[in-house]
Amino acid sequence: MRARLALPVALVAAISVTATACQSSSGDGAGSGSKSTSSAASGAADYNPKAYGKLKDGGTYTTAGTFDEQGNPFHVNGTLTASRVWAWYNANAITFSPTGEVQYNPDYFSDVKVSVEDGDQKVVLTINKKAVFNDGTPIDWTAIKATWKANNGSDKAYAAGTTEGYDQITDVARGKDDKQAVITFKGVFPSWPSLFTTFLHPKAAKADNFDKAYVKKARPEWGTGPYTVGKWDTHSGNITFVRNAKWWGRKGKLDKRVYVNLESTAAVNAFKNGQLDYVSAVDAESLKQVKGLKGTEIRSGGSPFQYSLYFNTKSSVLGDKAVRKAIQESVDRSQIAKIQFQGLDYEEPLPGSALLYSFQKGYEDNVSAVLKYGPDRAKKELDAAGWKPGSDGIREKGGKELEVGYTLMGDDPLGKATAGALAAMLKQSGIRLTIKKADQADFSSILSERKFDLFLSGNRSMDPFGARYLCESYCSDRESNLTGAGSPELDKEIRATSDIADPDKQAAAANKVERKALQEYARLPLYSGPSTYSVKKGLANVGATIFHNPLPETVGWEK
């Protein structure tokens, strides 16, 4: 499944409806109770965790949602929506806690062993003897092999979303019997669980099926799990999942799980009318509408989003590192966060990394280690670089004014307010920020062709293995490095971290290298933001879950 998904700021509202739904978590969702405060720390999860035995049998859970054109989450066109729907009628084999600890689901993997021999990692997955696809095909080592083959990039007939990690596997072999898969890597890949959170039926992994079989279609016969497709309405876009009679584990608590195809405004109205059980409050206005409704409660916590200000180092004005550094020193990140979170009753620490979140093990505040907010210092550095204030206060050098472009997507009021605040901050240092409006439809081309000076964009982390994405974020030869910053020497240091087998040691090494990368002053992490939902009281294991999404069978209504 796609590892990190780039998002323009204006798409937060559209995406956050589905954001927490790609991963699931094993266990029964038991916890110490949900946290509900007016200023949730970014690591707070708030989803009314309840043990399986505390939920009643029966009931329906209805939300806004639909399927996407491409329903195969491994496909390059797979989306968050596709992943969310897939998880209700396919395997949730490896999952994560809210803060990203790995959890193996014993209904699929009864035993997992990881070792390193002669520098190469080996993972042995023992598959539950009862595990079977809905068409009667046993879930065995061939499903793991088929998933690897479809995603490793060796066969160009497959349009895989990401080959990273899969391309490091040299073999998937039968173990002591068909119910054991032995996965061998070239070198080590500490974040290997992200590759097999779910898997494909061997038939679904055939090239033609991989591309086309899930286009506007469900394939319940190739699925597995406590629920299966009851109704898949291609006309309305509505979906109903029902209990799966072929499931060998704990039965799903719900009679039905229903998605109704509604736009976000219509979804808020439907929730207010009692037609939906849960709705995302994407901004201050929608939160105001759903707050305080009888029989409902607000659940708010952190999210696995990370928004940064990207600097195009290939543009004429931002090719100068001194200018980039001065801009970063002029940006009051706490003020940007206040604008973003206004009316949301939410606070969070300023992000210190583009890799890990402050609530994760191994996190370090790398931004503060290399950068301090200081407009006066920025002015001195611009003076030293030869940029002198002109008659209007805007700095000049060689007859050219210090003018930087900022690409603003769409007409979102929040986006406009953020752009205005940045312009005011930079003006104090003698930098003119020119706001250039662009259409949402041009998002991909603006990034891929680097048609910007400054650009604010976000990533949605699809797994908790931030160190894995060090190269994706900072290698100078990677297209995913939107800034173009870096050097072959730094690339070498970055890539060396991928050879460290121990995840904790890898995170420590990645932090060290990220501090060097941040000294290119080409990317400034700004904020993550909240996941906020209004939910009917009594609905358990639903809400702000960060990396966690409780297993489908544990979602339901309290007794």
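Source: prediction; values computed, not measured.
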Residues pairing under disulfide (SG to SG under 2.5 Å) where one sits in residues 391-495, two or more places apart or in two chains, turn out to be C471-C475

My understanding is that only residues two or more places apart in sequence, or in another chain, count here; which of them pass ring pair (Phe, Tyr, Trp, His ring centres under 6.0 Å) with Y214?
W86

Using salt bridge (Lys or Arg N to Asp or Glu O under 4.0 Å) as the criterion, list what pairs up with D499, not counting sequence neighbours.
none

Heavy-atom closest contact (H548 atom, F96 atom, distance):
ND1-O, 3.2 Å

Salt bridge (charged side-chain N to carboxylate O under 4.0 Å, His left out) contacts touching residues 310-322 (sequence neighbours left out):
none

Do any pairs count as a side-chain hydrogen bond (donor to acceptor under 3.5 Å, both in side chains) and have a residue in residues 441-450, sequence neighbours left out, and if so which ones?
E449-K451

Minimum side-chain heavy-atom gap L371-L524 below 4.5 Å:
yes

Do the side-chain N and O atoms of E403 and T434 include a donor-acceptor pair separated by under 3.5 angstrom?
yes

Show the nearest heavy-atom pair for residues Q306 and P525, with the distance to one decimal.
NE2-CB, 2.9 Å

Taking atom NZ of K436 and atom CZ of F452, what is their separation to the nearest 0.5 Å?
11.5 Å

Hey, what's the ring geometry for Y527 with Y307, parallel, tilted or perpendicular (30° and 60° as the breaks)?
parallel

Can you list every pair that meets side-chain hydrogen bond (donor to acceptor under 3.5 Å, both in side chains) and has a residue in residues 372-382, with sequence neighbours left out?
K325-E381

